[in-house]
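Below: the structure, in structure tokens.
Both ligands and their constituent atoms are indexed starting at 1 by order of listing.
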Amino acid sequence: MWIEEDTNMRAFVVAGVFVAFSSVALAQEVQVFYTDFDSGLAPEITGVASIESVQGFAGLGNTGNIFSGNLLRNDAVNGATVITLTNLPTHEAISISFLLAVLDSWDSINGSRSPDYFNVIVDGVTVFQTTFAQASGNVNYQPPAGGLIAPLANRGWNSSWGDAGYDMSFEPALSLIPHTASTVVVQIVANGAGYQGGNDESFGIDNLSISVTIPTPGSLVGLAGLGLVGLRRRR
Ligand SMILES: [Ca+2]
Ligand SMILES: [Ca+2]
Ligand SMILES: [Ca+2]
């Protein structure tokens, strides 16, 4: 319904259109890197990285984001997997998403030998650190709803120990990290005084995605303008 002579109503409708468009136009999430590791190692990745089969994790995950084919395994003690991206578009935040396979006998922060830490570091700053109680200890990562995709069970690698999987796209600490530089260095690394690595404790990642949030003030004005034009036509 359009009431031509009621200026208050018109203002309300116009404001409603503006808000509706602005909610989608304020910022745009753009993926700047993705790999599923099924075609080997992308050149953006250096440091500790071996390409291995996903073994018993195959098919586990959420719709459209499941372990498949190969993953990147890191079995080092304090040896980072490094992702370096350059020439990023102008942005205000960065988001990191991956499937995480926690392999074998992690001992949390209070088991033996402990502590064992899993870390994600962005440009030298630790943005996420957690621990897993798979062999000993009792402090385990508490994922948001949807985050646990593979409860602890032996899924490969060292058959003496269980393995668990998480969809880290649900982890708030890895989403919308304030960032504006045109380059970024992401390090994924396990360490701690009790972290043994190798065939004892290691991790894998699959479906690694990095995206940036791009502000779009120009689009906001443009879309709001279109809304006003559309309303005028109805008079
Ligand atoms: Ca894969
Ligand atoms: Ca295992
Ligand atoms: Ca340990």
Side-chain angles (χ1 to χ4, degrees), residues 31 33-83 96-120 129-141 147-170 174 186 188-211:
Q31 187 178 65
F33 180 75
Y34 177 80
T35 181
D36 61 10
F37 303 104
D38 295 346
S39 302
L41 200 58
E44 291 87 349
I45 299 180
T46 56
V48 180
S50 66
I51 301 297
E52 303 182 13
S53 164
V54 298
Q55 301 188 40
F57 285 93
L60 298 176
N62 291 301
T63 303
N65 191 17
I66 62 171
F67 282 101
S68 178
N70 296 327
L71 52 63
L72 179 154
R73 181 175 175 226
N74 180 325
D75 67 351
V77 177
N78 206 25
T81 298
V82 183
I83 305 103
I96 304 163
S97 163
F98 53 89
L99 301 182
L100 174 63
V102 183
L103 305 177
D104 302 317
S105 65
W106 285 64
D107 301 294
S108 182
I109 55 173
N110 57 354
S112 177
R113 304 158 52 179
S114 71
D116 299 338
Y117 293 117
F118 175 82
N119 313 271
V120 178
Q129 181 182 74
T130 193
T131 187
F132 302 94
Q134 300 196 165
S136 68
N138 60 9
V139 181
N140 197 81
Y141 173 54
L148 177 63
I149 54 176
L152 188 61
N154 185 26
R155 304 181 188 280
W157 291 272
N158 190 331
S159 60
S160 297
W161 302 104
D163 317 286
Y166 300 88
D167 182 345
M168 301 305 290
S169 69
F170 290 88
L174 296 176
V186 178
I188 305 177
V189 59
N191 54 25
Y195 192 73
Q196 296 163 270
N199 200 36
D200 195 70
E201 297 153 336
S202 62
F203 69 88
I205 59 175
D206 202 358
N207 299 355
L208 172 63
S209 171
I210 298 178
S211 59

(message) Which label fits Phe132 and Tyr141: parallel for a plane angle under 30°, tilted from 30 to 60°, or perpendicular past 60°?
(response) perpendicular
(request) For the atoms OD2 of Asp116 and O of Arg113, give the angle they form at the Ca ion (ligand 3), rounded to 10 degrees. (result) 100°
(message) Any N/O/S atom, side chain or main chain, of Gly162 closer to the Ca ion (ligand 2) than 3.0 Å?
(response) no
(request) Would you name the N/O/S atom of Glu201 that lies closest to the Ca ion (ligand 3)? (result) OE2
(message) Between the Ca ion (ligand 3) and Asp107, which N, O or S atom of the residue is the nearest one?
(response) OD2
(request) Would you give the length of the straight line joining atom CZ of Phe203 to atom CH2 of Trp157, rounded to the nearest 0.5 angstrom? (result) 12.5 Å
(message) Is Asn158 close enough to the Ca ion (ligand 2) that one of its N, O or S atoms comes in under 3.0 Å?
(response) yes
(request) Return yes when at least one N/O/S atom of Gly192 is nearer than 3.0 Å to the Ca ion (ligand 3), and no when none is. (result) no
(message) Donor-acceptor check, side chain of Ser105 to backbone of Trp161, threshold 3.5 angstrom: yes or no?
(response) no
(request) Using only heavy-atom distances, determine whether the side chains of Ser159 and Asn154 contain a donor-acceptor pair under 3.5 Å. (result) no
(request) Starting from the Ca ion (ligand 1), look over the N/O/S atoms of Asp36 and name the nearest one. (result) O
(request) Round to 10° and report the angle made at the Ca ion (ligand 2) by OD1 of Asp163 and O of Gly156. (result) 100°
(message) What do you get for the angle at the Ca ion (ligand 2) between OD1 on Asp104 and OD1 on Asn154, to the nearest 10 degrees?
(response) 160°
(request) Specify whether an N/O/S atom of Gly194 falls short of 3.0 Å from the Ca ion (ligand 3). (result) yes
